[in-house]
Amino acid sequence: MRLGRTFSRAFFDRPCLAIAPELIGAYLVRRLADGTELVGRIVEVEAYLGDGSDPGSHSHRGLTARNRAMFGPSGRLYVYRSYGIHTCANIVCEPEGHGAAVLLRALEPTAGVERMRALRKLACDAGDREIASGPGKLARALDLHMGHCGAGLFRGAIQLRRAAVGDARPDVTCSRRIGLSPDPADRRLRC
DNA sequence: CGAATGATGGTCT
DNA sequence: GACCATCATTCGT
């Protein structure tokens, strides 16, 4: 595994539909309180629009206490609780006030794998694929929680880093959304 | 395998 | 009071 630089702030002030596929192959780096570094390569994301055309987006009905971070500065996390049980993490995109974000749906673990397995309370022989193959699993594996809502991704305990120059570029495919009502315009929101 | 389902609680109407 | 940007488990094939 070779890590590149963090993304520039300007990178995130662009349309979330453009950002989403470019996040595939990037690395999410999580440093725990005891110094353990957990790293995963992003393999699946989903865009949630802020222009009012996406009924599935949390921002669709305007600013609320829960989705406040989604309307805040880009390049930060928007974290929410799902089904009362699970935690999901998004990256806020576009200029402040737009309400656009990209949901982190799955990672391929690349460092700190044993610790992730423990955080997920998985058996020692569980496959790496099980560790972060879903938004709720991903947050649990990296110990992301509501306290991280609004946290920046440029420095500190949670960072998003480009793949190193020369890394094989992953094949990126985009498809329609699943798991909630389909996008009315059938846009390719899932990557 | 795949499909069905209960858990569980904050948020919004 | 309804609705979830989900997951693990259970049951059927």
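So that the names make sense, note that chain A is the first sequence line, chain B the second, and so on, each numbered from 1.
Nucleotide C:dA5 holds its P atom 18 Å from the NZ atom of A:Lys137, rounded to whole Å. Distance CG (A:Leu77) to P (C:dA5): 19 Å, rounded to an integer number of Å. Between the P atom of C:dT9 and the CG atom of A:Leu122 lies a distance of 10 Å, rounded to the nearest Å. Here the P atom of nucleotide C:dC3 and the CD1 atom of A:Ile85 are 18 Å apart, to the nearest Å. Between A:Arg120 atom CZ and C:dC7 atom C1' the separation is 8 Å, expressed in whole Å. Protein atom CG of A:Asn67 is 15 Å distant from nucleotide atom P of C:dC4, rounded to whole Å. Between the C1' atom of C:dA5 and the CG atom of A:Leu49 lies a distance of 13 Å, rounded to the nearest Å. Atom-to-atom, CG of A:Asn90 to P of C:dA5 comes out at 11 Å; the value is rounded to the nearest Å.
The main-chain N or O of A:Gly4 is never found under 3.5 Å from a side-chain atom of A:Arg162 such that the two would form a donor-acceptor pair. Between the side chain of A:Ser59 and the backbone N or O of A:Gly99 there is at least one donor-acceptor pair closer than 3.5 Å. With hydrogens and angles disregarded, no donor-acceptor distance shorter than 3.5 Å links the side chain of A:Glu37 to the backbone of A:Ala111.
The phosphate of C:dC7 (OP1 or OP2) has no side-chain N or O of A:His86 nearer than 4.0 angstrom.
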* Map every base of DNA chain C to its dot-bracket character, where paired means a Watson-Crick or G-U wobble contact with both distances under 3.5 Å and | marks a partner outside the strand. => ||||.|||||||.
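For A:His145, the ring-ring contact (aromatic ring centres under 6.0 Å, His included) partners are A:His148, not counting sequence neighbours. Checked against salt bridge (charged side-chain N to carboxylate O under 4.0 Å, His left out), A:Arg14 has the following partners two or more places apart in sequence or in another chain: A:Glu22.
Smallest separation of non-hydrogen atoms from A:Phe7 and A:Leu23: CZ-CD2, 4.4 Å.
Chain A approaches DNA chain B over the interval B:dA7 to B:dT13, counting the first and last nucleotide 5' to 3' with an atom under 4.0 Å from its heavy atoms.
Stacking between A:Tyr48 and C:dA5 is shown: the ring centroid lies under 5.5 Å from the centre of the six-membered base ring, and the planes differ by under 30°. Where stacking is scored as ring centres under 5.5 Å apart with planes under 30°, A:Tyr83 registers as stacked on the base of C:dC4.
Note on residues 121-132 of chain A: pairs passing salt bridge (charged side-chain N to carboxylate O under 4.0 Å, His left out), not counting sequence neighbours, are A:Arg117-A:Asp128.
Nucleic acid contact class of A:Arg140 (heavy atoms, under 4.0 Å, all strands): none. Among the atoms of the strands shown, none is found under 4.0 Å from any heavy atom of A:Met146. A:Arg81 comes within contact range of no nucleotide atom at all, as no heavy-atom separation falls under 4.0 Å.
Aromatic ring centres of A:His98 and A:Phe71: separated by at least 6.0 Å.
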Would you be so kind as to tabulate the donor-acceptor pairs closer than 3.5 Å made by side chains of residues 137-144 of chain A, with sequence neighbours excluded?
{"residue": "A:Lys137", "atom": "NZ", "partner": "A:Ser133", "partner atom": "OG", "Å": "3.1"}

